[in-house]
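To start, the structure itself, in structure tokens.
Lettering of chains follows the sequences in order, A, B, ..., and the numbering in each one begins at 1.
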Amino acid sequence: MADVCVRIAPSPTGAPHVGTAYIALFNIAYARAQGGKVILRIEDTDQTRSRRHHEDRLLSALKWLGLAWDEGPDVGGPAAPYRQSERLDQYEKYALQLVEAGHAYYSFTTPEELAAWRSRRGQGDPPPYYAERERSASQNRGRAETADSYVIRMKMPREGTGVVTDSLRGEIPFEYATIDDQIILKSDGFPTYHLAVVVDDHLMGVDNVIRGEEWISSTPKHLLLYQQLGWDPPRYTHLPLLLNPDRSKMSKRRNPTSIDYYRRAGFLPAPMLNYLALMAYPPDGEEEKFSFQQLVDRFDLGRVNLGGSVFDLDKLSWLNGRYIREDLTPEALLGEMKSWLLNDEFISGMIPLMQERMPTLGDFMPRCAFFFAREVNPSLEDLVPGKREAADAVGMLQTAVWALEELDPWSGKEIEKAVKRVADFWEWPIRDVTRPMFSAIMGQPVGPPLYESIVLLQVDMSRSRLLAAMALLGGLSKKKLKALEKKWR
RNA sequence: GCUCCCAUCGUCUAGCGGUAAGGACCCAAGGUUUUCAACCUUGUAACCGGAGUUCGACUCUCCGUGGGAGCACCA
């Protein structure tokens with residue numbers, strides 16, 4: 001086999017996720033240890049959710065961490081383009097080839113019809129065989145040319161068994177009959193993940209797919225596509241998931257998941273990578289602190305752990321502290337502080353908010369400390385408006401989180417609208433919404449203007465403060481959360 | 001519900017048939033320090049259960065149990 005080639009294939013549909021960095025880290029560590037190469041490919045096949053600014057944030061977050069790739073949309077390479085939205089002709093070509101060969105078929109069933117069909121199905125029914133009639137009709141080509149819209153589905157075998165070989169878990173058997181006829185080409189002409197990943201990995205020469213465990217169950221589909229296209233499949237390695245404290249898949253509902261949050265909160269790149277590595281890779285002996293290079297030097301894919309890991313902020317903080325006191329000269333630390341938030345750009349955002357409320361220059365820092373703090377400590381009383389119940393305050397804060405998350409652009413005007421929306425929803429005077437928010441955001445019910453402060457704090461830090469306040473108030477039960485969400489939408 | 005994955009202290013882990021089951025985070029106590037932090041010492045705390053295999057199982061096999069993931073015109 002030629003040189004090892006791996007890829008990082010993130011989807012630009014939201015804030016840069018620590019899980020993306022975690023998977024990327026293992027891919028790169030493996031490639032470097034093997035002397036292979038790393039491709040960064042943008043999986044932007046979801047037109048409704050993919051955004052260019054998400055891609056930009058993602059790349060800069062990965063670069064901030066010190067992660068680097070050999071080929072990608074920003075550096076180019078022999079397999080360009082590296083953005084799936086720019087490779088549509090390839091996917092269509094192979095989708096048609098699969099149809100010609102009888103491995104895939106056109107389907108004209110609308111999403112509405114599909115939904116109705118699904119809801120009619122009983123519990124004990126056989127696997128979701130879609131569009132049975134269309135599947136067996138081979139003459140739909142003509143109809144596809146005139147139809148308003150259609151999709152192309154894989155034709156999964158209705159019997160037989162296959163095997164996924166995972167380099168860590170060994171052979172994983174599966175029955176074709178339990179797998180549905182997955183859509184591979186959507187009605188907008190874009191491929192789904194399954195087709196795109198197979199076509200691109202093959203065309204780009206990727207021979208090792210190292211991805212999250214959530215992909216195991218769709219690997220059979222990928223394997224079948226390789227077979228039908230007459231290509232050699234890569235070697236698969238599925239990494240364990242990063243978990244919330246309750247052991248569910250890590251989500252921003254329970255944890256800060258954005259790399260930007262950690263950066264904003266004052267974590268350094270090296271300990272971040274070190275900690276992420278620790279999530280699935282044992283340390284060398286008893287020293288848990290190691291550099292990326294040290295990891296590469298002793299990297300053995302086979303030593304990766306299988307159980308999911310709870311992301312522990314306490315331990316990350318401890319490790320970060322060790323880097324600060326052990327690896328940085330005072331000058332270097334000063335430099336880190338400056339490139340973090342102690343710079344003109346950031347502080348100048350605070351000046352207009354503070355000019356009217358600082359009798360002396362010395363009042364500035366104490367009153368703006370919350371802009372820099374990792375967390376604040378609001379009191380219970382300040383979080384609950386007079387005459388209201390704590391449970392309602394929690395609910396209100398939750399709706400504030402939802403309202404803020406949807407904002408685009410992230411501006412004072414929009415934040416004001418969001419807060420009004422929350423007040424309307426609860427039929428509360430605006431003050432009953434802003435006072436708890438002041439406390440949650442700043443740690444006290446008074447301070448610089450709320451909306452502009454939230455602007456400076458950015459979405460991830462704001463959310464984490466609101467979430468922390470909710471936890472302080474006792475949180476929200478799963479049931480109540482669901483009911484509230486339904487009402488909110 | 002169906003399919004699959006996983007299983008050592010609360011958390012991250014070492015262990016690869018014979019160990020007093022080791023380390024780290026967290027927590028507690030003590031020490032050091034003008035304070036705090038850091039540092040040092042000590043302590044609390046784990047092999048999910050049941051059958052096998054074996055002279056001997058945390059370790060191998062099977063069955064349970066528990067947890068997780070997937071089952072979209074999202075990735």
Side-chain angles (χ1 to χ4, degrees), chain A residues 9-14 17 19-20 41-50 84 107-115 118 121-128 130 149-153 161 164 166 168-197 211-221 238-250 274-289 302-303 305-322 324-326:
Chain A
S11 182
T13 52
H17 201 284
T20 303
R41 183 176 68 225
I42 298 297
E43 310 235 326
D44 56 351
T45 54
D46 182 349
Q47 288 197 82
T48 63
R49 296 195 304 147
S50 295
Q84 290 186 326
S107 173
F108 305 91
T109 312
T110 65
E112 293 73 32
E113 290 168 334
L114 225 41
R118 283 200 190 98
R121 295 181 62 234
Q123 297 245 304
D125 285 357
Y130 291 115
S149 78
Y150 63 87
V151 298
I152 294 180
R153 285 183 185 278
T161 60
V164 171
D166 178 276
L168 298 174
R169 286 159 249 262
E171 300 192 336
I172 303 170
F174 61 87
E175 289 195 31
Y176 288 118
T178 63
I179 303 168
D180 60 25
D181 285 353
Q182 181 69 51
I183 288 176
I184 54 176
L185 201 70
K186 299 184 265 189
S187 57
D188 62 1
F190 278 56
T192 57
Y193 173 83
H194 308 285
L195 208 221
V197 78
R211 77 219 306 193
E213 190 184 344
E214 73 264 37
W215 292 109
I216 290 181
S217 48
S218 42
T219 307
K221 295 169 191 168
H238 292 92
L239 265 25
L241 267 20
L242 257 26
L243 271 27
N244 292 318
D246 68 357
R247 304 202 76 83
S248 58
K249 190 165 139 182
M250 194 175 179
N274 189 160
Y275 182 68
L276 254 11
L278 239 23
M279 291 278 78
Y281 201 81
D284 187 17
E286 298 192 338
E287 179 54 277
E288 296 184 290
K289 177 170 168 246
R303 290 218 59 178
N305 281 301
L306 294 181
S309 299
V310 174
F311 193 89
D312 181 8
L313 258 174
D314 281 338
K315 188 145 185 180
L316 205 214
S317 303
W318 165 78
L319 198 56
N320 201 67
R322 280 195 64 186
I324 286 180
R325 67 187 100 89
E326 294 172 15

Nearest-angstrom distance, P atom, B:A28 to B:G68: 29 Å
Does B:G70 have a Watson-Crick or wobble partner in any strand here, with both distances under 3.5 angstrom, and which is it? B:C2
A:I183 atom CD1 is separated from B:A75 atom C1', nearest whole Å, by 14 Å
Please give the distance between the P atoms of B:A72 and B:U13 as a whole number of Å. 31 Å
Taking B:G31 as the reference, what is the distance to B:A37 when you measure between their P atoms (whole Å, please)? 15 Å
Pick the P atom in B:A38 and in B:C60, then give their distance to the nearest Å. 39 Å
Report which part of the nucleic acid A:T45 touches: base, sugar-phosphate, or nothing (heavy-atom distance under 4.0 Å, all strands). sugar-phosphate
Can you tell me the distance, in whole Å, between the CD atom of A:Q182 and the C1' atom of B:C71? 9 Å
Between P on B:C25 and CG on A:N274, what's the gap in Å once rounded to a whole number? 13 Å
Measure CG/A:D180 against P/B:A72 and give the value in whole Å, please. 6 Å
Interatomic distance where CG belongs to A:L313 and P belongs to B:C25 [whole Å]: 16 Å
Using the P atom in both, what is the distance from B:C63 to B:G23, to the nearest Å? 36 Å
Under-4.0 Å side-chain N/O to phosphate OP1/OP2 contact, A:K221 with B:C71: no
What distance, rounded to whole Å, do you find between the two P atoms, one in B:G22 and one in B:C9? 14 Å
Between A:D312 and A:K315, is there a salt bridge with N-O shorter than 4.0 Å? no
Side-chain contact check for A:R303: nearest option of B:G15, B:C73, B:G22 is B:G15
Watson-Crick or G-U wobble partner for B:A28, using a 3.5 Å limit on both distances? B:U42
Within the 4.0 Å limit for protein heavy atoms, which parts of nucleotides 31-46 of chain B are touched? Write it as a string from 5' to 3', B for base, S for sugar-phosphate only, - for none. -------SS-------
Reading nucleotides 3-12 of chain B from the 5' end, what letters show protein touch, with B for base, S for backbone sugar-phosphate only, - for no heavy atom under 4.0 Å? -SBS----SB
Integer-rounded Å distance: B:C71 C1' and A:Y193 OH: 16 Å
Roughly how many Å apart are B:A20 and B:C4, using the C1' atom of each and rounding to a whole number? 40 Å
Step through the shown structure and confirm whether more than 12 heavy atoms of other residues, nucleotides or ligands are within 6.0 Å of CD on A:E287. yes
Output the single nucleotide from B:C74, B:U13, B:G70 whose closest atom is nearest the side chain of A:P282. B:U13
OP1 or OP2 of B:A75 less than 4.0 angstrom from a side-chain nitrogen or oxygen of A:K186, does that happen here? yes
Given atom CD of A:Q84 and atom P of B:C73, what is their separation to the nearest angstrom? 18 Å
With both distances under 3.5 angstrom, what nucleotide forms a Watson-Crick or G-U wobble pair with B:C47? none
For B:A37, the nucleotide meeting Watson-Crick or G-U wobble distances (both under 3.5 Å) is none
Going by purine N1 to pyrimidine N3 plus the second Watson-Crick contact, or the G-U wobble pair, all under 3.5 Å, which nucleotide sits opposite B:U53? none
For B:G18 and B:U59, measure between their C1' atoms and round to the nearest Å. 11 Å
Take the protein atom CD of A:E214 and the nucleotide atom C1' of B:G67, then report the distance between them rounded to whole Å. 17 Å
Does any part of the side chain of A:K221, heavy atoms only, come nearer than 4.5 Å to the side chain of A:D180, both counted from C-beta? yes
Who is the Watson-Crick or G-U wobble partner of B:A7, with both distances under 3.5 Å? B:U65
Counting side-chain heavy atoms from CB outward, which of B:U13, B:C71, B:A69 is closest to A:K249? B:A69
So A:Y193 and A:W215, would you call those rings parallel, tilted or perpendicular, with 30° and 60° as cut-offs? parallel
